[in-house]
Amino acid sequence: MKYSYYPGCTLKNKAKDLDAYARASARALGFELEEIEDWQCCGGVYPLGSDEIATKLSSVRALNEAKEKGQDLVTLCSACHHVIKRVNDDMKNVEDIRTRANNYMELDEPYAGETNVLHFLEVLRDKVGFDKLKEKVVNPLTGKKIGAYYGCLLLRPGKILGFDNPENPTIIEDFIRAIGATPVVYPYRNECCGGYISLKEKEMAKNMCDKIVDSAEGFGAEMLITACPLCMYNLNKSTEGKIPVVYFTELLAEALGVKEEVEI
Amino acid sequence: MSHVNKVDQIKEISGVNPLKCMKCGKCSASCPSFNEMDIKPHQFVSYVQNGDIESLVNSKSLWKCLSCFACVERCPRDVKPGKLIDAARQLVVREKGQTYLSPDEVPELLDPETPQQLLVSAFRRYRR
Amino acid sequence: MQRIGVFVCHCGSNIAATVDVKKVVEMAAKEPGVVHAEDYQYMCSEAGQAKIAAAIKEKNLTGIVVCSCSPRMHENTFRGAAERAGLNPYMVEIANIREHCSWIHKDVEEATKKAVILARAAIAKVNLNTPLKPGESRVTKRALVIGGGIAGIQTALDIADAGYEVDIVEKTPSIGGRMSQLDKTFPTLDCSACILTPKMVEAAAHEKITIYTYSEVEKVSGFVGDFTVDIKKKARYVDANKCTGCGVCQEKCPSKKSLSEFNRGLNTRSAIYTPFAQAIPNVPVIDTEACIKMKTGKCGICSKVCQAGAVDYEQKDEIITEKYGAIVVATGFDTIKLDNYDEYAYNQSKDVITSLELERVMNAAGPTKGHLERLSDGKHPKEMVFIQCVGSRCADNRGKSYCSKICCMYTAKHAMLIRDKYPDVNVTVFYIDVRTPGKNFDEFYRRAVEDYGVNYIKGQVGKVIPQPDGKLLVQGVDLLDNKQILKEADMVVLATAIEPNPDVRKIATMLTASIDTNNFLTESHAKLRPVESPTAGVFLSGVCQGPKDIPETVAQAGAAAVKAIGLLAKDKLLTNPCTAKADELLCNGCSTCANVCPYGAISYEEKEVNDHGIRETRRIAVVNSALCQGCGACTVACPSGAMDLQGFSNRQIIAEVDAICR
Amino acid sequence: MSIETNEEFRPKIVAFCCNWCSYAGADLAGSSRLAYPADVKIIRVPCSCRVNPMFILRAFEKGADGVILCGCHPGDCHYSTGNFYARRRMTLLFSMLDYIGVENGRTRVEWVSAAEGVKFSQTMNEFVEKIHSLGKNVRLGDLRCKN
């Protein structure tokens, strides 16, 4: 099985590990991530104004390329996922945006939201299946108590992202179970880490992350996992190494026994 | 730009109908930045209703909203105040010279771990 | 040629402010057949009707058109007026120039033009009207009440007291409904069971009332005065005639893990069970999903311990077919599912409960024997938080658009009862608005605040955050103080929106009763016919029609009973004469019409006809006008155009189309 | 024959409404003062299944620019099944009309319950707008009717 893959800017730099572990795990699970050509940065945030078109075009290009290949488009970074899925929804359901974006793009055939956008976790849940994943685990992380940190971008707005129940998600917990570890459910797992605010308001971001980390630790988490480089950055600032924060793909690679192959 | 114009612009950019608000405050009850804000999320709606866009675009809140969509997700009336503050920020960002982040100050805000994503999204939020 | 009179109503200023009524009179007078046209302030008033009567007599009118409000409002009024003046009531047509014209248009010229066209269409139609005579149908002097809650019980008692037979069909094993689950009632704090149980007993003992519990309506056919209903009596696996209600079977049953429906799933019950101690009938049922005997064939303990020999594993569902003159729907409500509201942690914490669950917790027969305690660890709470409007007043598809109406009052009740019984417990209520219209209602709520020290905070809650130590952190807002609040609580109670019982849609379809997008049954007129469904012979009682508290429900139940009694008291009903009729010369007996008729009203006869001098015997469709309800499906299906509908004939409708497009 | 000058196009629109749901929905739109253009004229029929395709053809023949049929929601028909018949008949009729040049937008079936005054008004507003965008109906007009 081949998927079109949109890595995004951070996965080419500060979060190379998030990307590399994912590719290695994909191979181990028998599917391939085919990086789309000439992708451009998604912009990091979903364009704020409903009248913005230009800022949506890089997503449309990626979506259209996947469409032309007849593949689903897989993303890994929460921000890219959020932006591309929402732009796709606009292209499917908002006539005005669709028309204007297509006018800019001058594609051979207009793009109307045909591509299915999947987060890597969704591939694991809906395409591979957590039961199948469990069978492929050679190195179960038994006994590890792991808190899933979702953040906001993966889950909200729930109706458009359709990723999981935005107020009580379970996909990462199910993932943790599949790799043999024990999920720790804590109520702050879908609260915001502060996001981009940490550039200028470091104190504010730290307060927010402290709440998240305290809650996770309170419920017994020994480790936090995330899919987002920015969440990772903000949480690390807060924990100061007290408890590790890692990408979920790293644990996946470890469980599948391919971690050592990966060079970063 | 007159304010009537700005009110309409905010409504258009955000796609929000502030008249649907029933003033329950669930947005403010959900907001993780509430304590940092001078104008609170539920008040965004009244400011737009009353046409006082000036106060809104000059508020601290404009730069404190995280766009975490907690208010958008939970608003029972489909008003989604987060979209209003986003729209107000757009008004500011689109007017030249009004930027909250200048490239000159960026280097000192960085550290070796700063992910690209942070810069990209902060620039998108703060500047045109 | 008809001699038509046109009467244009001003309806005070309702019509006259936007429609130039004089112009309508002037234009109508020019239409073919019109020999009289006038306007008047209020045509429906006695003076207005007198004008119509006078004109009919003086001008020898053969048909009239009244340009006024909707025919759904006053068609009967004007038909009556015409009949009293000696005109066939079906020679009256209404042009709806209020609801369909003056009320929705602002421009006088435009509205007047439209009113003229609507009048013209009605005149064109009445030109082709023929006098019709209603037939008669009989009335079965028996009523069916669907639902055995307080609404159904009250309706049944009132009908039975008037001397008519009533059957109650209740889906669950006992009558009593939601009210039987309540602990106390507002605004008097009566014990719910103390006021409900006597009514249940009275209904069960009433010689005119038959109660079918654990039963459902399967099929409804017929029409007002003459409904035929199939009732499925589900197998209880216990013979009600033998059972003494001793309860030994329930004690001895080894399968005790099923969640108790009556206690809202907060504790368990046995596989053979009566929902609660005061159940009527006091005859248990076997839950086949949980019964070991039913699942594995082994066990049979209940049968062994039953001294009366009442347990019967072979019992089968039974269909009872009965005829009724009137049907009352009293299907009630349930609370909505909270799966869309996980920010309140209902699914994550046992200590977040709905108000209806709190009723069970507070009740002596409930899961905690009436002690206020946390369901997670049995500890007595010190801080309780109530959240209002959970799923009510929503515009976002997660919840319901309407106000559930009862929550403000029951929350005040709960707060007061808790503060009264446990003065050490602090109670905080997060509210959006406190809505307490009703006699002694606001006073009741004020008592909660002033006498019992309940802390009301204006603002909604954003999230309920379970803490590692088992407490709940409530993150809300105080809008009057403009502060976000973090309040630690031991229990959180959600004032959960109510919705019509989900089965009601199926029942509405069987009864062909109208239902709205929220699944509330629609009343015939929002103000003037609030307990009657638009479907004749079907009446509405209780929350199936809209959110209501107990006193309102009881009042409406009585009103529905009176309407049903009014119907049952008649020996004969006049039937709608607007029925289908086949043209003998055009019909070729193909049976197409009979196939589309939902009432089986069409049969065929071999009949001798005279077709332009040729006498021959042909197979011809004959409509039974007592069965025909006048939908017109057959008229369109008929390939030869033989079938037509009286009162809405092809020619009449085409005349209207022509008049509008002219 | 009226000479078409620069006068504003005012479409002629016939709405067939069943007595039980849609006519009541229209009444509710009226009592709730939910405006829609005066171009819409309502004909009351007992049930949507009473509407003979012939009536719709007749309307177009006589110069209607649009015809809309409103009935109870599927499953809610006062006569149980009438709206199902109507739905099937209209599907056939509309495709035939489209084939002969009466665009699909000129015909519409909509389910409106007695409680849906808002929907009734919205539907009529949309429909009138649609007819405006399609302009005058020139097909099927009976030239013999003109003088």
Side-chain angles (χ1 to χ4, degrees), chain A residues 89 93 145-174 176-177 182-194 197 204 207-224 239 242-243, chain C residues 336-354 374 376-377 383 385 387 389-392 394-401 430 460-477 483-492 494-497:
Chain A
D89 182 77
N93 299 319
K145 289 188 179 164
I146 303 174
Y149 178 65
Y150 290 85
C152 39
L153 293 175
L154 277 183
L155 297 169
R156 297 193 284 258
K159 252 181 252 164
I160 294 173
L161 293 183
F163 180 79
D164 203 344
N165 176 346
E167 300 291 354
N168 190 18
T170 54
I171 180 169
I172 306 186
E173 281 77 9
D174 292 340
I176 293 169
R177 262 180 228 111
T182 310
V184 174
V185 175
Y186 62 102
Y188 278 91
R189 66 198 194 286
N190 62 341
E191 291 293 314
C192 181
C193 69
I197 212 92
M204 201 176 145
N207 286 340
M208 299 173 72
C209 286
D210 284 350
K211 278 190 198 162
I212 295 163
V213 174
D214 288 349
S215 171
E217 278 191 311
F219 280 91
E222 299 160 357
M223 173 191 268
L224 288 178
T239 61
K242 270 188 297 183
I243 65 169
Chain C
I336 62 163
K337 295 245 181 317
L338 287 172
D339 294 347
N340 287 334
Y341 287 94
D342 274 331
E343 67 263 37
Y344 295 132
Y346 176 78
N347 286 321
Q348 295 96 304
S349 169
K350 280 189 157 181
D351 301 319
V352 180
I353 59 175
T354 67
R374 282 158 52 101
S376 61
D377 55 13
E383 286 286 342
V385 167
I387 304 176
C389 298
V390 176
S392 297
C394 290
D396 63 350
N397 295 331
R398 286 210 290 173
K400 301 293 176 184
S401 59
F430 283 92
Q460 191 51 289
V461 167
K463 183 159 173 159
V464 174
I465 307 161
Q467 299 293 292
D469 63 2
K471 299 221 178 209
L472 299 158
L473 195 60
V474 178
Q475 182 181 314
V477 67
K483 285 208 173 79
Q484 203 175 60
I485 293 176
L486 277 174
K487 187 160 192 64
E488 207 163 68
D490 299 296
M491 283 178 94
V492 170
L494 308 177
T496 311

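Letters go in sequence order (proteins before strands), and every chain restarts at 1. Quick caveat, the model's predicted, so the values are computed rather than measured.
- Within residues 157-169 of chain A, the residues approaching chain C closer than 4.5 Å by heavy atoms are, in numerical order, A:K159, A:N165, A:E167, A:N168.
- Between the CD atom in C:Q467 and the CZ atom in A:F219 there is a gap of 6.5 Å [rounded to 0.5 Å].
- Identified under the salt bridge (charged side-chain N to carboxylate O under 4.0 Å, His left out) test for residues 461-475 of chain C, with sequence neighbours left out: A:E191-C:K463, C:K471-C:D490.
- Of the residues considered (C:L473, C:I465, C:N347), C:I465 shows the highest number of contacts with chain A, using heavy-atom pairs under 4.5 Å.
- Counting all heavy atoms, side chain and backbone alike, C:P466 lies closest to A:P187 at O-CG, 3.1 Å.
- In this structure, chain A has a heavy atom under 4.5 Å from the side chain of C:Q348, while its backbone stays farther away.
- Here A:D210 pairs with A:K206 under the salt bridge (Lys or Arg N to Asp or Glu O under 4.0 Å) rule; sequence neighbours left out.
- Surrounding NZ of C:K400 are more than 12 heavy atoms belonging to other residues, nucleotides or ligands, all under 6.0 Å away.
- Taking A:E217 as the reference, nothing meets the salt bridge (Lys or Arg N to Asp or Glu O under 4.0 Å) condition, with sequence neighbours excluded.
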